[in-house]
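For reference, the structure discussed in these notes is given below.
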Amino acid sequence: MTGDDSTAAPTLAAKSPYELRVNLGKGVPEADVRTALATGDMGFLHSFTTGSTVDGPGVRVVAWTSGCQFRCLYCHNPDTWTMTNGIPVSVTTATNELRKYRHGLKVMSGGFTLSGGEPLMQHRFAVKLLAAAKSMGIHTTLDTNGYLGDRLTDSDLGAIDLVMLDIKTWDAEKHKRLTGADVAPTLEFARRLGALKRPMWLRYVLVPGLTDDPDDIAQIASFVAGLGVVERVDVLPFHQMGRYKWHKLGMDYTLEQTSPPSQELIDRTIEIYRARGLNAV
Ligand code: SF4
């Protein structure tokens with residue numbers, strides 16, 4: 001990667017990941033993209049926010065990577081699917097940006113979260129950035145769909161204090177319909193985190209009509225309870241804040257008529273997790 005990204009950090013700043021961002025890295029030559037992925041010295045970020053209280057423990061700085069291999073029907077950020085929609089940023093630049101926040105993050109019992117898109121699409125960059133944050137004494141969290149978890153070595157996992165793992169559904173066929181991908185690698189990654197005793201939070205997006213089957217949720221709940229490392233379950237109610245992105249991108253959005261879950265459905269779902277001894281919220 002040859003581009004000078006010294007101006008990237010301010011451009012990256014976003015109030016929320018719901019800002020539509022496209023083609024920001026479009027001019028980057030394909031060969032440079034390949035080099036970035038191979039070395040991990042450079043990555044593509046969709047946006048960067050500070051002060052988040054919903055992306056891990058405490059108050060967090062969050063960087064959202066671009067690039068995702070899933071195609072979730074209910075994705076809030078379809079503009080993160082394409083890597084070159086993001087801004088190319090070097091590990092050095094991102095680390096320097098993070099350094100500014102390290103004292104504040106400690107005071108607020110927070111840390112750094114790498115989310116996406118899917119951060120492990122750029123696993124070398126992800127590992128370098130998380131390791132750099134950890135070496136500054138910053139608590140590190142990786143928010144992932146887990147599909148590419150086998151790209152991380154056990155030693156890589158040592159630089160990650162917490163994995164927030166999204167399990168979309170238990171049923172293999174349904175997972176394929178919802179995301180376009182197999183669920184098995186995600187479950188395998190979860191088993192590995194359990195075997196390695198790595199702290200994990202489960203993130204579960206609750207979509208009426210798609211992911212609200214109590215039997216399916218119970219299967220996930222029993223599975224993650226058995227791992228012995230799940231500190232918390234976040235039940236995340238589906239919302240329509242990303243709908244406009246599907247429209248702007250000219251993509252076929254199939255959830256036009258789907259409403260957010262009722263409080264009763266949310267409570268019932270949380271209860272399924274709690275019934276297995278999990279700390280669900
Ligand atoms: S894994 Fe996340 S970023 Fe990727 S398509 Fe699904 S919801 Fe969107």
Side-chain angles (χ1 to χ4, degrees), residues 14 16-22 24-25 43-49 52 54-56 62-87 113-123 125-126 141-152 163-172 174-190 200-212 216 220 233-255 258 260-261:
S16 91
Y18 300 115
E19 284 179 26
L20 180 74
R21 294 175 178 231
V22 290
L24 298 172
F44 289 82
L45 294 181
H46 171 271
S47 48
F48 177 93
T49 51
S52 167
V54 294
D55 294 288
V62 188
W64 279 274
T65 58
S66 50
C68 185
Q69 75 285 65
F70 280 19
R71 294 290 177 264
C72 298
L73 298 178
Y74 52 80
C75 183
H76 303 150
N77 295 306
D79 54 332
T80 64
W81 291 356
T82 306
M83 199 168 296
T84 51
N85 274 351
I87 300 171
T113 298
L114 192 62
S115 184
E118 171 46 53
L120 296 184
M121 291 283 287
Q122 311 177 49
H123 72 287
F125 174 72
T141 294
L142 172 70
D143 180 14
T144 175
N145 63 34
Y147 188 80
L148 300 175
D150 63 357
R151 288 186 172 184
L152 298 177
V163 174
M164 295 200 303
L165 185 68
D166 304 337
I167 300 180
K168 317 285 184 183
T169 184
W170 180 259
D171 182 88
K174 195 166 158 191
H175 195 274
K176 194 104 194 178
R177 278 201 308 279
L178 280 181
T179 70
D182 290 332
V183 70
T186 297
L187 301 181
E188 196 43 49
F189 185 51
M200 178 183 145
W201 288 13
L202 172 71
R203 307 199 105 194
Y204 188 74
V205 181
L206 181 61
V207 190
L210 284 185
T211 65
D212 57 354
D216 193 85
I220 297 174
V233 176
D234 279 335
V235 174
L236 307 170
F238 166 77
H239 57 70
Q240 290 282 14
M241 283 167 72
R243 172 166 49 190
Y244 84 98
K245 290 191 172 186
W246 289 75
H247 294 170
K248 290 240 176 196
L249 294 168
M251 293 161 55
D252 184 23
Y253 185 55
T254 57
L255 275 66
T258 304

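Ligands are counted one by one from 1 in listed order, and the atoms in each one are counted from 1 as well.
- Checked by atom type and distance alone, the side chain of D216 never pairs as donor or acceptor with a backbone atom of T169 at under 3.5 Å.
- Counting only protein atoms, the N, O or S atoms lying less than 2.8 Å from atom 4 (Fe) of ligand 1 are C68 SG, ordered by chain and residue number.
- By the criterion of a heavy-atom distance under 4.0 Å, neither the backbone nor the side chain of H76 is placed next to ligand 1.
- Here P208 pairs with D212, F238, T258, P261, L265 under the side chain to side chain contact (heavy atoms under 4.5 Å, CB included) rule; sequence neighbours left out.
- For D55, the side-chain hydrogen bond (donor to acceptor under 3.5 Å, both in side chains) partners are S52, not counting sequence neighbours.
- Note: W246 and Y253 have tilted aromatic rings, judged against thresholds of 30 and 60 degrees for the angle between ring planes.
- With sequence neighbours left out, T211 forms a side chain to side chain contact (heavy atoms under 4.5 Å, CB included) with Y74, L178, Y204, L206, V207.
- Side-chain N or O atoms of K174 include none that pairs as donor or acceptor with a backbone N or O of K168 at under 3.5 Å.
- For atom 2 (Fe) of ligand 1, the closest heavy atom belonging to the protein is K168 NZ, 4.0 Å.
- With 3.5 Å as the limit, one finds a donor-acceptor pair spanning the side chains of T144 and E118.
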